[in-house]
There are 2 protein chains.
Amino acid sequence: MLQLTENGGPLTRQTLADTVYETLLEAILSGKIASGAELNEVVLARELGVSRTPVHEAIAWLAADELIELSVHRARVKTMTAQEVTDLYDVRLLLESNAAERAATRIDTASLQQLRSDAEELAKTKDAADWPARAITFDLHFHDVVAEASGNARLRSEIQRYRILVRAFCRITGAQVKNLLHSFQEHLAILTALEQRDPKAARDAMTVHIERRVKVVLAEIYHREASHNSCLSVPPTAQRAPRLRSGTVK
Amino acid sequence: MLQLTENGGPLTRQTLADTVYETLLEAILSGKIASGAELNEVVLARELGVSRTPVHEAIAWLAADELIELSVHRARVKTMTAQEVTDLYDVRLLLESNAAERAATRIDTASLQQLRSDAEELAKTKDAADWPARAITFDLHFHDVVAEASGNARLRSEIQRYRILVRAFCRITGAQVKNLLHSFQEHLAILTALEQRDPKAARDAMTVHIERRVKVVLAEIYHREASHNSCLSVPPTAQRAPRLRSGTVK
DNA sequence: CCTTCGTACTCTGCATGCAGAATACTGCAT
DNA sequence: ATGCAGTATTCTGCATGCAGAGTACGAAGG
């Protein structure tokens, strides 16, 4: 039977609000919209060629992601301090290392074999021009497979959510082949642990992987801050309280 | 200096969309809106006395929480299977046990003393009529303090997010004084571990606590399903794919 | 010169209108 | 009776209008 989508479900709806969300997310994480910048629904709508409605929704979603802080008549891009980046990666570390641990006992051999052959293919062609692009694809796929193999759908979607949030930082450092190579080798270590069905080893390997990545990212951020060319900055004033949709629930 | 809000920030904005979100969340989790029910923006708007706009936003947020699945022209309350409840609590367990572990070394003595005196006060008045209500308040507060003391703002907000999602289940079983008593005793164990500044013990105590709670909840759910009076049910047909805002991001 | 009060403007939140897409129903043919 | 096709209906997504709240700026007084 033909299965068009990954999970056999219908295609993911793509509304204008979704597109705007992704566009703004991309712009914020990449630094095209600077930290602390104020977002104006009207000008964004004009800029993007849509009405205020989808922009409004997208901003609300970004606020739920805590990338934007909403005060009364203002939507500002939150200033991401090094501390917040660390916190972000700490939670990601928690989620992904747990997924790896769970996956070690649950992942099916077919997935393992697929990952292994993909990895070998990648290892054989390290000098190809398109290696970096394929290495990034493998990276994403690898984490997806592990998250899926955790057997916990919630955990999987949380991991995917967090990957979105750290995507920009991955790109900051991911462009360098040196980092991609290190990352690839760490993936191999995780894969080996999974093949040995060793939960503890898988967990440790994933922990090492993410800890090294965050170190690289933080170093890069520090470097950028030093050169005053950063999309990250220290908070100019006292932080406002994040708007939590659930904040007033008893 | 007078500090009106918990974190010194401005009051949390409460828009109509927020209110509708909370109302629908409450209705879904409590079972007033049954699993599998279809949500119609127009009738909900009429029901709540608002326009479609805030209802539309609230539904989008609930979909992001994966409590509602959005297909093309339909918004249905997701059917929560026992598996999904288990997954939910597994993630919560992961988050909260990590928070407890981190809190053990970071929580300040003032918070510890406050918790201890609150606990003693509660222990002394176990026969009071309002004890259950105050026990629930203490429960919420306790988890809040631990999450805050983790020192990771992200982790804290994720924990609060997940508490919202399991709130209904807490209420299912929380009304019974027996469970509240057990829960309270488990909190005491966590508190003791925190006082001893023992991360491992704090983590274990939190793990035990949440594992016992999920057991009670699952037993209750099973009981309700058996009596055909459940807000939970098995999926009537194949599950649709959840709409992920981030689903189409490369 | 600084502070304070008042006014005008800006921006968001909500309501509503409209169009397109998907579904459901009905009738017809097999 | 069942399957298919065409039509009508329903529902959502987006655009836009409007009103209220907050801010910013300016003027006047200390």
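Everything quoted here is computed from the prediction, not taken from an experiment. Proteins come first, then strands; the chains are lettered A, B, ... in the order of their sequence lines, and each starts at number 1. Just so you know, these numbers use all the heavy atoms, side chains as well, and skip hydrogens, waters and symmetry mates.
Considering all non-hydrogen atoms of both residues, A:Ala147 and A:Ala99 come closest at CA-CB, 4.3 Å. Scanning all heavy atoms of the two residues, the minimum distance from A:Val91 to B:Leu155 falls at CG2-N, 3.7 Å. Across all their heavy atoms, A:Val77 and A:Ala34 have their closest contact at CB-O, 3.7 Å.
As rounded to whole Å, 12 Å separates atom P of D:dT12 from atom CZ of B:Arg46. Between A:Arg76 atom CZ and C:dC11 atom P there is a gap of 15 Å when expressed in whole angstrom units. Separating the CG atom of B:Leu70 from the C1' atom of D:dC11 is a distance of 12 Å, rounded to the nearest angstrom. Atom pair B:Leu48:CG and C:dA15:C1' shows a separation of 15 Å (rounding to whole Å applied). Following rounding to the nearest Å, B:Glu41 (CD) and C:dA15 (C1') show an atom-to-atom distance of 13 Å. In this structure, A:Glu57 places its CD atom 12 Å from P of C:dC14, rounding to the nearest Å. Rounding to whole angstrom units, CD of residue B:Gln14 and P of D:dA21 are separated by 16 Å. Atom C1' of nucleotide C:dC11 and atom CD1 of A:Ile59 are separated by 11 Å, given to the nearest angstrom.
OP1 or OP2 of D:dT12 has not a single side-chain nitrogen or oxygen of B:His56 nearer than 4.0 Å.
Taking the side chain of A:Leu16 as heavy atoms from C-beta on, and the options C:dT12, C:dC14, D:dA15, the nearest nucleotide is D:dA15. The side chain of B:Ser51 approaches C:dC14 more closely than any other nucleotide in the set D:dT12, C:dC14, D:dG13. With distances taken from any side-chain atom of A:Arg74 to the nucleotides C:dC14, D:dC14, D:dA24, the minimum falls on D:dA24. Candidate nucleotides C:dA15, D:dT12, C:dA24 were compared by shortest atom distance to the side chain of B:Thr53, and C:dA15 ranks first.
Using a cutoff of 4.0 Å between basic side-chain nitrogens and carboxylate oxygens, B:Glu38 and B:Arg74 are scored as salt-bridged.
The salt bridge (Lys or Arg N to Asp or Glu O under 4.0 Å) analysis of residues 43-56 of chain A, with sequence neighbours excluded, yields the pairs A:Glu41-A:Arg52.
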For side chain to side chain donor-acceptor pair (under 3.5 Å), just list the numbers for A:Glu158 and B:Tyr162, CA-CA rounded to whole Å, side-chain angles, deciding distance to a tenth of an Å, and then say yes or no. CA-CA 11 Å; A:Glu158 291 298 336; B:Tyr162 267 80; 2.8 Å; yes
Under 3.5 Å, N/O pairs linking protein and nucleotides 18-22 of chain C:
none

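Put simply, the side chain of B:Thr23 gets close to the backbone of B:Thr19: a donor and an acceptor are under 3.5 Å apart. When atom types are taken as modelled, the side chain of B:Thr86 and the backbone of B:Ala82 share a donor-acceptor pair closer than 3.5 angstrom.
Helix bend of the helix from C:dC1-D:dG30 to C:dT30-D:dA1: the angle between its two end axes, each built from five pairs, comes to 10° after rounding to 10°.
When each of B:Glu148, B:Arg163, B:Glu96 is tested with B:His143 by the rule side-chain hydrogen bond (donor to acceptor under 3.5 Å, both in side chains), just one qualifies, namely B:Glu96.
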